[in-house]
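Written out below as C-alpha coordinates is the structure these notes cover.
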Amino acid sequence: MTTNRTFTMIKPDAVAENHIGGILHMIEQGGFRVVELQKVALTAARAGEFYAVHRERPFYNDLVAYMSSGPIVAAVLEKDNAVADFRALIGATNPANAEEGTIRKKYAKSIEANAVHGSDSDENAGIEAEFFFGK
Ligand code: ATP
Ligand code: MG
(Lines give C-alpha, C1' and ligand atoms only; values in the text may rest on other atoms or scores of the structure.)
(Ligands and ions follow the chains in the order given, each with its own letter.)
Protein backbone atom coordinates (compact mmCIF):
# COMPACT_ATOMS: atom_id res chain seq x y z
CA MET A 1 0.00 0.00 0.00
CA THR A 2 1.30 3.42 -0.88
CA THR A 3 0.36 6.12 1.57
CA ASN A 4 0.61 9.84 1.04
CA ARG A 5 2.77 10.69 4.04
CA THR A 6 6.45 10.62 4.84
CA PHE A 7 8.60 11.72 7.76
CA THR A 8 11.66 13.99 7.69
CA MET A 9 14.19 15.54 10.03
CA ILE A 10 16.32 18.57 9.32
CA LYS A 11 19.57 17.40 10.92
CA PRO A 12 21.74 19.30 13.45
CA ASP A 13 24.25 20.72 10.94
CA ALA A 14 21.53 22.27 8.80
CA VAL A 15 19.67 23.66 11.82
CA ALA A 16 22.91 25.12 13.25
CA GLU A 17 23.62 26.87 9.95
CA ASN A 18 20.17 28.45 9.70
CA HIS A 19 18.94 26.34 6.81
CA ILE A 20 15.54 25.44 8.32
CA GLY A 21 13.80 28.01 6.15
CA GLY A 22 15.70 27.15 2.98
CA ILE A 23 15.00 23.44 3.37
CA LEU A 24 11.32 23.91 4.22
CA HIS A 25 11.07 26.17 1.16
CA MET A 26 12.47 23.41 -1.08
CA ILE A 27 10.08 20.91 0.54
CA GLU A 28 7.05 23.14 -0.10
CA GLN A 29 8.22 23.99 -3.61
CA GLY A 30 8.51 20.24 -4.19
CA GLY A 31 4.78 19.90 -3.65
CA PHE A 32 4.75 18.66 -0.06
CA ARG A 33 2.41 19.99 2.61
CA VAL A 34 3.79 20.26 6.17
CA VAL A 35 1.36 18.35 8.40
CA GLU A 36 3.35 18.32 11.66
CA LEU A 37 6.44 20.35 12.62
CA GLN A 38 8.57 20.40 15.75
CA LYS A 39 12.05 21.66 16.70
CA VAL A 40 13.52 19.44 19.40
CA ALA A 41 16.86 18.23 20.78
CA LEU A 42 17.36 14.46 20.78
CA THR A 43 19.19 12.85 23.66
CA ALA A 44 21.81 10.29 22.63
CA ALA A 45 19.45 7.58 23.88
CA ARG A 46 16.60 8.82 21.64
CA ALA A 47 18.87 9.29 18.64
CA GLY A 48 20.16 5.76 19.19
CA GLU A 49 16.64 4.42 19.32
CA PHE A 50 15.65 6.26 16.15
CA TYR A 51 18.60 4.80 14.20
CA ALA A 52 18.58 1.41 15.99
CA VAL A 53 18.37 -0.33 12.61
CA HIS A 54 22.01 0.81 12.06
CA ARG A 55 23.38 -0.24 15.46
CA GLU A 56 25.70 -2.88 13.97
CA ARG A 57 27.16 -0.45 11.44
CA PRO A 58 30.63 1.04 12.02
CA PHE A 59 29.30 4.61 11.83
CA TYR A 60 26.55 4.07 14.43
CA ASN A 61 28.23 5.69 17.46
CA ASP A 62 29.31 8.72 15.43
CA LEU A 63 25.82 8.99 13.96
CA VAL A 64 24.21 8.96 17.39
CA ALA A 65 26.66 11.59 18.68
CA TYR A 66 26.02 13.77 15.63
CA MET A 67 22.23 13.46 15.77
CA SER A 68 22.25 14.48 19.46
CA SER A 69 24.78 17.32 18.99
CA GLY A 70 22.11 20.00 18.54
CA PRO A 71 18.41 20.48 17.83
CA ILE A 72 16.69 18.93 14.84
CA VAL A 73 13.42 19.77 13.14
CA ALA A 74 11.03 16.85 12.74
CA ALA A 75 8.13 16.99 10.29
CA VAL A 76 5.40 14.89 8.74
CA LEU A 77 4.88 15.69 5.05
CA GLU A 78 1.97 14.95 2.76
CA LYS A 79 1.95 14.42 -1.01
CA ASP A 80 0.91 11.68 -3.40
CA ASN A 81 3.68 9.05 -3.51
CA ALA A 82 5.31 10.87 -0.58
CA VAL A 83 8.04 8.41 0.44
CA ALA A 84 9.53 7.88 -3.01
CA ASP A 85 9.09 11.47 -4.15
CA PHE A 86 10.75 12.78 -0.98
CA ARG A 87 13.73 10.40 -1.36
CA ALA A 88 14.13 11.83 -4.87
CA LEU A 89 13.95 15.41 -3.55
CA ILE A 90 16.62 14.83 -0.87
CA GLY A 91 19.09 13.01 -3.13
CA ALA A 92 21.77 10.43 -2.39
CA THR A 93 23.01 9.76 1.17
CA ASN A 94 26.49 10.90 0.17
CA PRO A 95 26.17 14.49 -1.13
CA ALA A 96 29.05 13.82 -3.51
CA ASN A 97 26.59 11.58 -5.38
CA ALA A 98 23.51 13.78 -4.97
CA GLU A 99 21.96 15.22 -8.11
CA GLU A 100 21.65 18.93 -8.87
CA GLY A 101 18.45 20.38 -7.48
CA THR A 102 18.32 18.04 -4.48
CA ILE A 103 18.32 19.18 -0.86
CA ARG A 104 21.48 17.26 -0.02
CA LYS A 105 23.30 18.65 -3.07
CA LYS A 106 22.57 22.15 -1.82
CA TYR A 107 22.88 21.75 1.96
CA ALA A 108 24.69 18.53 2.95
CA LYS A 109 28.28 18.80 4.16
CA SER A 110 29.29 15.11 4.29
CA ILE A 111 27.92 11.57 4.15
CA GLU A 112 27.17 11.87 7.88
CA ALA A 113 26.15 15.53 8.17
CA ASN A 114 23.80 15.25 5.22
CA ALA A 115 21.22 17.88 6.18
CA VAL A 116 18.02 15.81 6.09
CA HIS A 117 16.50 12.44 6.84
CA GLY A 118 13.77 10.87 4.74
CA SER A 119 11.81 7.71 5.52
CA ASP A 120 12.66 4.72 3.32
CA SER A 121 9.23 3.02 3.34
CA ASP A 122 5.61 3.69 4.15
CA GLU A 123 5.90 1.42 7.17
CA ASN A 124 8.90 3.30 8.55
CA ALA A 125 7.27 6.66 7.79
CA GLY A 126 4.43 5.66 10.10
CA ILE A 127 6.77 4.38 12.81
CA GLU A 128 8.96 7.49 12.65
CA ALA A 129 6.01 9.90 12.71
CA GLU A 130 4.71 8.07 15.76
CA PHE A 131 8.16 8.31 17.40
CA PHE A 132 7.92 12.12 17.36
CA PHE A 133 4.26 12.98 17.16
CA GLY A 134 2.45 9.97 18.64
CA LYS A 135 0.28 10.84 21.55
P1 ATP B 1 18.46 8.82 6.41
O2 ATP B 1 17.98 7.50 6.98
O3 ATP B 1 19.04 9.74 7.46
O4 ATP B 1 17.43 9.49 5.55
P5 ATP B 1 19.73 7.44 4.25
O6 ATP B 1 18.50 6.58 4.26
O7 ATP B 1 20.05 8.16 2.99
O8 ATP B 1 19.67 8.50 5.42
P9 ATP B 1 21.05 5.39 5.75
O10 ATP B 1 21.81 4.28 5.11
O11 ATP B 1 19.71 5.11 6.32
O12 ATP B 1 20.98 6.57 4.69
O13 ATP B 1 22.00 6.01 6.86
C14 ATP B 1 21.46 6.79 7.92
C15 ATP B 1 22.39 7.94 8.19
O16 ATP B 1 23.62 7.43 8.72
C17 ATP B 1 22.81 8.74 6.95
O18 ATP B 1 21.88 9.69 6.56
C19 ATP B 1 24.08 9.39 7.45
O20 ATP B 1 23.79 10.49 8.31
C21 ATP B 1 24.69 8.26 8.27
N22 ATP B 1 25.58 7.42 7.45
C23 ATP B 1 25.22 6.52 6.51
N24 ATP B 1 26.29 5.93 5.96
C25 ATP B 1 27.36 6.48 6.57
C26 ATP B 1 28.78 6.30 6.44
N27 ATP B 1 29.29 5.43 5.58
N28 ATP B 1 29.57 7.07 7.23
C29 ATP B 1 29.05 7.95 8.13
N30 ATP B 1 27.74 8.16 8.29
C31 ATP B 1 26.90 7.44 7.53
MG1 MG C 1 17.75 5.66 6.01
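Just so you know, residue 1 is the first one in the sequence shown, and it goes up from there. Both counts, for ligands and for their atoms, begin at 1 and track the order of listing.
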Residue and atom name of the nearest protein heavy atom (relative to [atom]), distance in Å to one decimal:
atom	value
atom 19 (C) of ligand 1	I111 O, 3.2 Å
atom 20 (O) of ligand 1	E112 O, 2.8 Å
atom 26 (C) of ligand 1	F59 CD2, 3.5 Å

Report yes if some N/O of [X] lies less than 3.5 Å from some N/O of ligand 1; otherwise report no.
X	value
T93	yes
R57	no
L63	no

From the candidates E128, H54, K11, the one that places a heavy atom nearest atom 9 (P) of ligand 1
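Checking each option, the heavy atom nearest atom 9 (P) of ligand 1 is found in H54.
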
Applying side chain to side chain contact (heavy atoms under 4.5 Å, CB included), run through I10 and H19 and close with a yes or a no.
CA-CA 9 Å; I10 302 174; H19 296 317; 5.9 Å; no

Taking atom CZ of R104 and atom CG of L89, what is their separation to the nearest 0.5 Å?
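Reported value, rounded in 0.5 Å steps: 10.5 Å.
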
So does [X] have more than 12 non-hydrogen atoms from other groups sitting under 6.0 Å from [atom1]?
X	atom1	answer
E17	CD	yes
H25	NE2	no
K79	NZ	yes

Count I, L, V, M, F, W, Y as connected when their side-chain heavy atoms are under 4.5 Å apart, and connections chain through other members. Are I90 and I27 then in the same cluster?
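In one cluster with I90: I27, yes.
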
Give the ring-plane orientation class for F86 versus F32, where under 30° counts as parallel, over 60° as perpendicular and anything between as tilted.
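If you compare the ring of F86 with that of F32, the planes turn out perpendicular.
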
Answer side chain, backbone, both or neither: which part of [X] comes under 4.0 Å from ligand 1, heavy atoms only.
X	result
M67	neither
Y51	side chain
R87	side chain
M9	neither

Enumerated ligand 1 atoms positioned under 4.0 Å from heavy atoms of N114
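This gives 17 (C), 18 (O), 19 (C), 20 (O) as the contact atoms.
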
Under 4.0 Å to a heavy atom of H117 - the qualifying atoms of ligand 1, by number
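Under 4.0 Å from H117, ligand 1 has these atoms: 1 (P), 2 (O), 3 (O), 4 (O).
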
Ligand 1 contacted by R104 (non-hydrogen, < 4.0 Å)
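So R104 counts as touching ligand 1.
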
Please confirm whether the ring centroid of F7 lies under 6.0 Å from the ring centroid of F131.
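Here the rings of F131 and F7 have centres that are no less than 6.0 Å from each other.
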
Would Y51 and M67 satisfy side chain to side chain contact (heavy atoms under 4.5 Å, CB included), going step by step from the backbone distance to the final call?
CA-CA 10 Å; Y51 279 115; M67 289 301 297; 3.7 Å; yes

